[in-house]
A.B. asks: 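The structure is given below, and queries will be raised subsequently.
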Amino acid sequence: MAPAPDPAPGQLVAVAVSGANEFSVAWTGCWRSVDLAELQRLEVHCAPRWVTWSPADLLALTRAGLRVARCWDLATVHRLLFGGWSSDPGRVWAAVTGLSENSLPVTGQLDLLGPAGEPDGDLEELVQPDGHLRPEWFPTGWQRTPGRRRRWVELALTAADRQRDRLAALPDPRRALATAQAESGAEQVCAELTVAGLPIDRAQAERLIESSIGPRPADAAEASQLRQRRDQQVLRHAPAGEWDLRSPASVRAMLDRLGYAVPDTRSWRLEQYRDHPAVAALLAWRKAERIATTYGYEWLDRHVGPDDRLRGNWTGSDGAAGRMTASAGLHNLPAELRAAVAAPPGQRLVRADLGQIEPRVLAAVSGDAGLAAASAADDLYAPVAEQLRVARAEAKIAVLAAMYGQTSGTAGAALRGLDRSYPVAMRYLRAAYDAGRAGTAVRTYGGRLVRMWPIPTGRDAEANRAAAAARGRFARNAVIQGAAAELFKVWAVTVRARSRALGAQIVLCLHDELLVLVPAETADQLAELVAGCLTEAASRWAPRGSGVRFVADISVLQRWSQAKA
DNA sequence: TCGGTCACGTA
DNA sequence: CGTACGTGACCGAG
């Protein structure tokens, strides 16, 4: 029997982990069970686009040692197409086959048996008679029988084909297809970020924590003692009484005693009462307490491995607008701790962040020629200010107010100027706002569906109006934030693909900022390459000559903190 | 033990 | 100048 031909470059090849060194693959007219070596041979010689059911599979393949160049992740594309978060195989399958979510079967012993107490159809067949995936087969582990393993990857292949059909039906099919591939690639970046971690200078981290909350306590008793000592720094300025600094209610009562009646005790509100030593001490205490509870020694012990890498779980399109998220504090590391993020000896960090990304994205997605022209400037707000005949600061506030929806203060005159000078962009924002207010889902430039939520009925008119307005602001923000996330991810996957030969490794993605670890000798080369990748990514993302210029600040560093702010 | 609220770090 | 997210402490309901 003649061996089946290899897949062609870019061809969809479904893959699933089936055992310790066993993988199931399927492409049109072929199914095989292969080991890692064969998987790698297919990758290197055939350059397929691997189809997976979920990012967890990409993580498993990455951990197994496969370097995935191109992929198509079904859960990721599902979320792009249909919005929301749920994207287990059952939902993915139901969505592409046109079955209602409401008819999804639930896992459980009872569902194994039909009404007559007999198995409902052929249990080896992963699709039930009603068309849904048999739920007991997909939530855990890998498929146990050869027949099921085969069906599992064959169904993935079918699902990918149907997703492509769905994407082709969107208003801009080519762009939607490109987004699906880039978003899948971003999940692969996330898998590698999860595995690689962020390099930390542990000694420096310990020093920074110590300077904030003191030395590492030897035991629980000492920890409690240090805690009380920190509290005492505030309480000695407080009025007589029992106050619990960790309880907002108690802090509010304390402030009340001092004569400050406040609706809440948020820092920005307390700023104005800094003159009182108790308030000043409380604000300093809050900062230290943040380190003590969230970014202290326990955090270090929990999340920084013996190889001095800070690790968390990364997801490529969490949240409504499809931004990346990360746990373990990777996305909200206090600025003071950035000095502890450092390249090991002989290596460098290349830091690159997009400048004024959101107004530039607005120019691109709306197709506003005037704003696109302004994007030619390094500082986009300068030509906008000139156009509006206002100060730069005022122009900037007006643009941001237009994008995010101002509720307080007033940028009135400048906002009217924006309407006159950049009508296309302003109409785009207005349309998203109106859709959100009406409860209609919006799609980002790249094709991501952002769903709205229902407003509970039976409340007063004012509450309904406020809820609708909040939804409008959300939608207006989502089309900008979401599109910016899409451009950023195209950039990240481009950098990943192009920088491989330089021995580079992306170690952090932060919404508009990339940190790439690279051998010192090739650092300057990589900095050049990252700039080129932005040009490439921008033209891939918005190919129809939008005329929008994107800019990045790129520097070669030893420590993250060395970046100019 | 759980979810809601407050608070705060990042973009 | 608003939106998003992750984290942790407290608090009241169960």
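In what follows, chains are A, B, ... by sequence order, proteins preceding strands, each numbered from 1. Computed from a predicted structure; not experimentally measured.
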A.B. asks: OP1 or OP2 of C:dG2 sitting under 4.0 Å from any side-chain N/O of A:Arg473?
C.D. replies: no
A.B. asks: Under 6.0 Å between ring centres: does that hold for A:His276 and A:His237?
C.D. replies: no
A.B. asks: From CG of A:Leu487 over to C1' of B:dA11, roughly how many Å is that when rounded to an integer?
C.D. replies: 15 Å
A.B. asks: Between A:Arg269 and B:dC8, is there a contact of a side-chain N or O with OP1 or OP2 at under 4.0 Å?
C.D. replies: no
A.B. asks: Expressed as a whole number of angstroms, how long is the span from A:His303:NE2 to C:dG8:C1'?
C.D. replies: 11 Å
A.B. asks: With ring pair (Phe, Tyr, Trp, His ring centres under 6.0 Å) as the test, would you mind laying out the steps for A:His78 and A:Trp85 before giving the verdict?
C.D. replies: CA-CA 9 Å; A:His78 174 85; A:Trp85 192 87; over 10 Å; no
A.B. asks: Choose from C:dC1, B:dT10, B:dC8 the nucleotide whose nearest atom is closest to any side-chain atom of A:Leu510.
C.D. replies: B:dT10
A.B. asks: Any salt bridge (Lys or Arg N to Asp or Glu O under 4.0 Å) involving residues 206-220 of chain A? Give me the pairs, sequence neighbours left out, ordered by first then second residue.
C.D. replies: A:Glu206-A:Arg216, A:Arg216-A:Asp301
A.B. asks: B:dG9 P sits how many Å from A:Ile291 CD1, rounded?
C.D. replies: 9 Å
A.B. asks: Taking NZ, NE, NH1 and NH2 as the nitrogens, is one of them in A:Asp419 or A:Arg427 under 4.0 Å from a carboxylate oxygen of the other?
C.D. replies: no
A.B. asks: Distances under 3.5 Å between protein N/O atoms and the N/O atoms of nucleotides 11-13 of chain C, please, pair by pair.
C.D. replies:
unit_1: C:dC11; atom_1: OP1; unit_2: A:Ser247; atom_2: OG; d: 2.8

A.B. asks: Specify whether A:Tyr295 and A:Trp299 have parallel, tilted or perpendicular ring planes, treating 30° as the upper limit for parallel and 60° as the lower limit for perpendicular.
C.D. replies: perpendicular
A.B. asks: Is it true that a side-chain atom of A:Gln562 and a backbone atom of A:Arg559 form a donor plus acceptor pair closer than 3.5 Å?
C.D. replies: yes
A.B. asks: Atom CG of A:Leu330 and atom P of B:dT10: how far apart are they, to the nearest Å?
C.D. replies: 14 Å
A.B. asks: Can you tell me if the side-chain N/O atoms of A:Arg286 get under 4.0 Å from OP1 or OP2 in C:dG8?
C.D. replies: no
A.B. asks: In this structure, how many angstroms lie between the C1' atom of C:dG8 and the CG atom of A:Leu333, rounded?
C.D. replies: 16 Å
A.B. asks: Atom CG of A:Leu337 and atom P of B:dT10: how far apart are they, to the nearest Å?
C.D. replies: 10 Å
A.B. asks: Indicate whether the side chain of A:Thr325 and that of A:Thr315 have a donor and an acceptor atom separated by less than 3.5 Å.
C.D. replies: yes
A.B. asks: Looking only at side-chain N and O atoms, does A:Thr444 offer a donor or acceptor that is under 3.5 Å from a partner on A:Glu486?
C.D. replies: yes
A.B. asks: Quickly work out the A:Leu362 CG to C:dT3 C1' distance and round it to whole Å.
C.D. replies: 15 Å
A.B. asks: Would you tabulate the nitrogen or oxygen pairs shorter than 3.5 Å linking the protein to nucleotides 4-6 of chain C?
C.D. replies:
unit_1: C:dC5; atom_1: OP1; unit_2: A:Ala320; atom_2: N; d: 3.4
unit_1: C:dG6; atom_1: OP1; unit_2: A:Asp318; atom_2: OD2; d: 3.3
unit_1: C:dG6; atom_1: N3; unit_2: A:Asn332; atom_2: ND2; d: 3.2

A.B. asks: Tell me whether the side-chain N/O atoms of A:Thr265 come closer than 4.0 Å to OP1 or OP2 in B:dA7.
C.D. replies: yes
A.B. asks: How would you label the contact of A:Arg252 with the nucleic acid (heavy atoms, under 4.0 Å): base, sugar-phosphate, or nothing?
C.D. replies: nothing
A.B. asks: Take the protein atom CG of A:Leu245 and the nucleotide atom P of B:dC8, then report the distance between them rounded to whole Å.
C.D. replies: 13 Å
A.B. asks: How would you label the contact of A:Arg471 with the nucleic acid (heavy atoms, under 4.0 Å): base, sugar-phosphate, or nothing?
C.D. replies: nothing
A.B. asks: Answer yes when A:Arg91 and A:Asp88 have at least one side-chain N-carboxylate O distance shorter than 4.0 Å, and no when they do not.
C.D. replies: yes
A.B. asks: How far does OG of A:Ser499 sit from CD1 of A:Ile506, to the nearest 0.5 angstrom?
C.D. replies: 6.0 Å
